[in-house]
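Let me begin by presenting the structure, written as structure tokens, before commenting on it.
What you see is a predicted model; the values in this text were computed from it and never measured. To find a chain, count down the sequence lines: A is the first, B the second, and so on, and within it residues start at 1.
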Amino acid sequence: MLDVKIHNLSLKNPVLTASGTFGYGEEFADFIDLNRLGGIIVKGTTGSHREGNPYPRMAETPSGMLNAVGLQNGGVDKFCSSTYHRIADLDTNVIVNVSGSSIEEYCETAAKINDLEKIPAIELNISCPNVKKGGMGFGTNPQMAAQVVGEVRKIYHKTLIVKLTPNVTSIVDIAKAVEDAGADSVSLINTMLGMAVDVECRKPVLSTITGGLSGPAVKPVAVRMVWQVAKAVKIPVIGLGGIASANDALEFLMAGATAVQIGTANFLDPTVTIKVIDGLQDYLNRHNIKDINEIIGII
Amino acid sequence: MLDVKIHNLSLKNPVLTASGTFGYGEEFADFIDLNRLGGIIVKGTTGSHREGNPYPRMAETPSGMLNAVGLQNGGVDKFCSSTYHRIADLDTNVIVNVSGSSIEEYCETAAKINDLEKIPAIELNISCPNVKKGGMGFGTNPQMAAQVVGEVRKIYHKTLIVKLTPNVTSIVDIAKAVEDAGADSVSLINTMLGMAVDVECRKPVLSTITGGLSGPAVKPVAVRMVWQVAKAVKIPVIGLGGIASANDALEFLMAGATAVQIGTANFLDPTVTIKVIDGLQDYLNRHNIKDINEIIGII
Amino acid sequence: MKKHIADFTVVDKKNHGQHYFILRLQSSEPLPEILPGQFVEVEVPDNKEVFLRRPISIHDVDYNDRTISLLVQIVGKGTATLSKLDTGRMLNLVFPLGNGFSLLGDKPLLVGGGAGLAPLLYTARKYSEKGIRPTVLLGGRTAELIPVKDEFKAYGEVFFATEDGSLGEKGLVTQHPAFGLSYDHIIICGPTPMMKAVARHALQNGINCEVSLENTMACGVGACLCCVTKTDHGHRCVCKDGPVFNVKDMKEWAES
Amino acid sequence: MKKHIADFTVVDKKNHGQHYFILRLQSSEPLPEILPGQFVEVEVPDNKEVFLRRPISIHDVDYNDRTISLLVQIVGKGTATLSKLDTGRMLNLVFPLGNGFSLLGDKPLLVGGGAGLAPLLYTARKYSEKGIRPTVLLGGRTAELIPVKDEFKAYGEVFFATEDGSLGEKGLVTQHPAFGLSYDHIIICGPTPMMKAVARHALQNGINCEVSLENTMACGVGACLCCVTKTDHGHRCVCKDGPVFNVKDMKEWAES
Ligand SMILES: Cc1cc2nc3c(=O)[nH]c(=O)nc-3n(C[C@H](O)[C@H](O)[C@H](O)COP(=O)(O)OP(=O)(O)OC[C@H]3O[C@@H](n4cnc5c(N)ncnc54)[C@H](O)[C@@H]3O)c2cc1C
Ligand SMILES: Cc1cc2nc3c(=O)[nH]c(=O)nc-3n(C[C@H](O)[C@H](O)[C@H](O)COP(=O)(O)OP(=O)(O)OC[C@H]3O[C@@H](n4cnc5c(N)ncnc54)[C@H](O)[C@@H]3O)c2cc1C
Ligand SMILES: Cc1cc2nc3c(=O)[nH]c(=O)nc-3n(C[C@H](O)[C@H](O)[C@H](O)COP(=O)(O)O)c2cc1C
Ligand SMILES: Cc1cc2nc3c(=O)[nH]c(=O)nc-3n(C[C@H](O)[C@H](O)[C@H](O)COP(=O)(O)O)c2cc1C
Ligand code: FES
Ligand code: FES
């Protein structure tokens, strides 16, 4: 049995897709049956349309990549009026990643998503390293993190997941602060701030100089943070960062994550999510485990 | 011309070996001519003998590894009375990495090394994630970092390099604090705190649960931090984290590092340091650059 | 168009000069319909330094044989690894990706240079299957850097322009006499300066014109937004909205 | 002993049952002297998931042929990759590493199981070159899991113990009649429970005895201190102070 619960959210399995790496799901519909997923977390959505950062936005790194997309998206109104209707009827949890530059923007966006019947949860992204204002700023300071979560909590009445940045001295302090401020769950990690240099051109690869590191390279840091946070908070933890196989997902689950997200690995293999789901079931079968919840947090 | 200067230290080239990955140099003497190196930073040395952490101490990760050695070493007195005499006459800079659990221990050790004529510098390790007391604790708090550096500065009169941990929200704050406290140079990064799970055994791979991540996986984070710190401080920066080729070293130099260290890559290829040195010279030749200092901090 | 992921077998590999090679890849399944100008995302095996797939245009297609050909220029670690694959090896492809050329016009001109030739062969063939013989104008610094030449002759009239005069006219493609003739559609794929020069010419002369762009990619399917190009209407994904763009939406780009 | 780094050519690969294979690797240079019980650190090519080298014992050496043989058990990704290498491939080795067995005694017993057989063949040969025929006692769950058998007969007297009785005596090596005979030196390499049982027997009976340990390694040369084992005198590196340890320094380990 692969079912897990994140607050009021029932997932048919603990495998979600990570925001910004899976579009709105539609991009992968040719490769997999989206209804098999535990959930889809769509691209970061902001109060209004955003063009994002200039190209180049991507650099390949050892077992990973840097991105500097900068929250390009059509804005919440376009999501509500158009994208929502195309994906709302999927038989999986469609969750909106809510991003912004100010508390007002977070709240406005969250309020609009709150009205969408078939969106059971939002993931509040207080951790994007690729925007100048707000973004990661909120996620690196417990007081600011608590403030934005507290305000959003007042107007958002379904499952509120808060996504944390790893670029901090103590992720536990931030996690506890957002738990106290009313988060129903935390997801971690967002990307790590990194940089790559094109030594032939003698300049940074990315237009923004620094960007967000993701992929298998960050997995050990992500597992460590999930383990630390899961021990420190009572709300369920969603783990991500570098997951590319069922074994990777199991590392997070055993470290204390109730569910996981898959991001960058979708680029390498657009069917990876299904392989991970099947691999988890295989593991349970092989080890004679009835319920995946038995191994969650076993460490 | 590959010569660079770190405070009073003249290096024949910007390539040093990273503490804890190159033993005392002797372990690599069969493979390379140690005298060709810009410098050798020996294993972390503490006030007294340390047994380190229990086995297992190592986990392989994507493009990297975790270690939990925990500063196993014979202690400063053994270093002074025995190891020192075996390596002091190398025609390169032999630098001692000084570690500890208290300000007193750091100072005692530094004072003893200060008396060793042929050791021109120490690297103060306020960033080891693998010891329970002290270690990384000092390196994650600007006040504590400044305090330990200030005290060591009083009794250590040669080149004082301070090694920083990447496990912080703002590496710039720490770097500025230790600069103000009298450091002659900063080196970064030490390992990132990470974790790996053996999913078949359902337990952590390392005896200490968490350990330090190193290798190419961490390079983008290290380059970013070097770039941030080099812009913020006036003292020279020594860059490390994942360097395995001349191109990798050039990324750090262009981002602002005056010299670099090579750690984990020595395990993959014990001759890598020489290849990097030769590769840097090739790059200069290919691009018609006379002096490597011309490209340091070019970004 | 449905996208697929499948293993192909390398059935042939041929070097074209020092810098180029053509891989012929066979599928065990019948191929879906592929448009000229579409591309594949190929997984690079064995090389520990390559993390992402690499986008490569579809150079030619043989539906009977179930083969796709790729014309690849060796520019870095991934393409070098592909150049060393033995026949018999498996390669995993995500395909067909992107929009492809529109095949408009009765008198089309195809302009290409370097690896940019890659998508033009299948394009020329598709025109000729429609009964239209396109004019093909291929350029490069020297003859050596035009990896595929005679193959185009089956489908259209072919001209060459080389900067050193080693093949065809001496000079740039835009200086070639054939370039000045009248066309009702231009397709370009090549180095950016070549594409911009041709695009400006088309815009000035009101000729419908398509360019195929090559930004670095992560996902190849429009999900990550890493590969955007600035169009006159904002950022668009090269992998999904492109790689083919009509220059009438790229005026700013053409002038920059 | 000077350590080297060099490329070897895979000149032969033979499967021994499902789980084991022997690679014969040839150097272009004359081999340095290699002690029985020493090991190599082999770079695993092609596999993107393998980062570090893998330590493998030297199974046999042919100085005339300049070849080293490795007996490898497929247990994970690195060993699986090695098992698929074609002959003709290059493999990079750091070698010879570690201390090796001492070859003491006039009446030695060599005990091995599984991949632990690997270093014993060259050890037996070295004894026989000294004019001593060691007793060799090989154990495993079934005959299939004893990958090398007859090869030992050239150098000494060979006995087998299998838990299912499919070869030699039924039972553990310590239950084999030959185990109880009198020896003045015991060498063991195999699964930890086997090594500890033999070590305890040797300690109890005052027989000089060496074990070869297998901890995970990063550097292989004593630099990183990742591979330590707890000895009665504190942590020692398996790669440099070992892999061979005298059980008189490992009493705590043997009892644990
Ligand atoms: C839609 C599309 C179609 C393409 N079709 C072809 C083709 O048919 N034949 C062909 O030879 N090449 C084609 N390319 C370019 C090809 O993708 C790159 O040359 C290849 O990815 C380089 O990989 P590498 O590992 O060899 O180079 P790297 O070692 O990664 O880098 C070497 C150089 O190539 C550049 N580069 C790296 N990745 C890309 C990328 N994804 N796109 C563009 N430049 C890159 C880098 O900036 C660097 O300067 C196409 C690109 C796109 C986007
Ligand atoms: C001195 C020494 C000599 C050895 N000699 C031989 C030999 O002659 N033949 C042989 O088949 N094996 C030998 N081994 C064991 C061999 O090194 C491991 O089986 C191999 O490294 C596993 O690599 P892998 O990638 O296949 O496994 P992985 O996929 O990395 O892991 C699979 C399993 O193997 C274990 N493992 C991984 N690395 C090591 C390691 N370095 N040492 C021990 N266990 C490990 C893991 O904990 C895991 O349980 C020796 C080990 C040492 C230390
Ligand atoms: C191209 C790209 C775009 C991303 N966009 C977003 C985003 O809009 N919102 C967000 O919260 N995280 C975003 N992320 C972060 C991922 O959701 C995820 O936290 C991170 O990539 C680590 O997981 P991974 O290693 O599995 O990719 C993005 C990541 C990538 C690679
Ligand atoms: C096995 C091992 C032991 C280490 N021991 C020390 C140490 O004693 N003192 C120290 O300052 N850093 C130590 N480090 C950290 C390295 O010096 C270096 O900062 C880190 O590994 C990043 O560089 P790399 O990616 O090139 O290895 C150790 C690293 C490894 C892998
Ligand atoms: S490469 Fe991901 S959107 Fe184009
Ligand atoms: S493996 Fe590095 S000291 Fe043994």
Side-chain angles (χ1 to χ4, degrees), chain A residues 59 61-66 129 136 139-141 165-171 174 192-200 202-205 209-213 215-228 242 244 246-255 283 286-287 295 298-299, chain B residues 59 61-66 129 136 139-141 165-171 174 192-200 202-205 209-213 215-228 242 244 246-255 283 286-287 295 298-299:
Chain A
T61 67
S63 295
M65 61 176 276
L66 291 164
M136 197 170 89
T140 55
N141 178 306
T165 171
N167 300 295
V168 294
T169 308
S170 170
I171 189 115
I174 314 275
M192 306 195 65
L193 199 60
M195 173 173 166
V197 176
D198 182 331
V199 300
E200 292 302 321
R202 294 176 222 171
K203 52 179 221 263
V205 177
I209 307 182
T210 62
L213 180 66
V218 309
K219 190 185 63 171
V221 174
V223 173
R224 180 264 295 183
M225 289 186 165
V226 164
W227 177 74
Q228 289 178 319
N247 270 8
D248 294 338
L250 285 162
E251 286 199 63
F252 284 86
L253 297 170
M254 291 179 185
Y283 182 91
R286 234 176 340 112
H287 289 82
I295 56 166
I298 201 168
I299 284 175
Chain B
T61 67
S63 295
M65 60 177 275
L66 291 164
M136 198 170 88
T140 55
N141 177 306
T165 171
N167 301 297
V168 294
T169 309
S170 170
I171 188 116
I174 314 275
M192 306 194 64
L193 200 59
M195 174 172 166
V197 176
D198 183 330
V199 300
E200 292 301 322
R202 294 178 222 171
K203 52 179 221 267
V205 178
I209 306 182
T210 63
L213 180 65
V218 308
K219 189 184 63 171
V221 174
V223 172
R224 181 264 293 184
M225 289 187 164
V226 163
W227 177 75
Q228 289 178 319
N247 271 8
D248 294 338
L250 285 162
E251 287 199 62
F252 283 85
L253 296 170
M254 290 180 185
Y283 183 90
R286 235 177 337 113
H287 289 82
I295 56 167
I298 202 167
I299 284 174

What distance separates [X] [atom1] from [Y] [atom2], expressed to the nearest 0.5 Å?
X: B/Leu250; Y: A/Arg202; atom1: CG; atom2: CZ; result: 9.5 Å
X: B/Leu193; Y: A/Arg224; atom1: CG; atom2: CZ; result: 4.0 Å
X: A/Asn167; Y: B/Asn167; atom1: CG; atom2: CG; result: 11.0 Å

inquiry  = Taking every non-hydrogen pair under 4.5 Å, which of A/Ala217, A/Gly64, A/Pro62 racks up the most with chain B?
reply    =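 Of the candidates given, the most pairs with chain B belong to A/Pro62.
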
message = Shorter than 4.5 Å, heavy atoms on both sides: which option in A/Ile295, A/Ile298, A/Val226, A/Val223 has the most such pairs with chain B?
response =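 Max contact count across the listed options: A/Val223.
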
At a 4.5 Å cut-off on heavy atoms, which part of [X] comes close to chain A: side chain, backbone, both, or neither?
X: B/Phe252; result: neither
X: B/Leu213; result: side chain
X: B/Ile209; result: side chain

request  = Kindly write out the residues that satisfy side chain to side chain contact (heavy atoms under 4.5 Å, CB included) with A/Ile299, not counting sequence neighbours, or none if the list is empty.
outcome  =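 Applying side chain to side chain contact (heavy atoms under 4.5 Å, CB included) to A/Ile299 gives A/Trp227, A/Met254, B/Met195, B/Val197, B/Pro204.
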
task = Before giving the answer on salt bridge (Lys or Arg N to Asp or Glu O under 4.0 Å), spell out for A/Arg286 and B/Glu200 the whole-Å C-alpha distance, their side-chain angles and the decisive distance to 0.1 Å.
result = CA-CA 10 Å; A/Arg286 234 176 340 112; B/Glu200 292 301 322; 3.4 Å; yes

side-chain hydrogen bond (donor to acceptor under 3.5 Å, both in side chains) partners of A/Thr61, counting only residues at least two apart =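 Partners of A/Thr61 by the side-chain hydrogen bond (donor to acceptor under 3.5 Å, both in side chains) criterion come out as none, since no residue qualifies.
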
key: Residues A/Thr140 and B/Thr169: side-chain donor-acceptor under 3.5 angstrom   =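 Note: A/Thr140 and B/Thr169 side chains miss the donor-acceptor criterion.
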
ask   = Closest approach of B/Glu251 and A/Ala196, non-hydrogen atoms and distance?
value =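 It is OE1-CA, 3.5 Å.
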
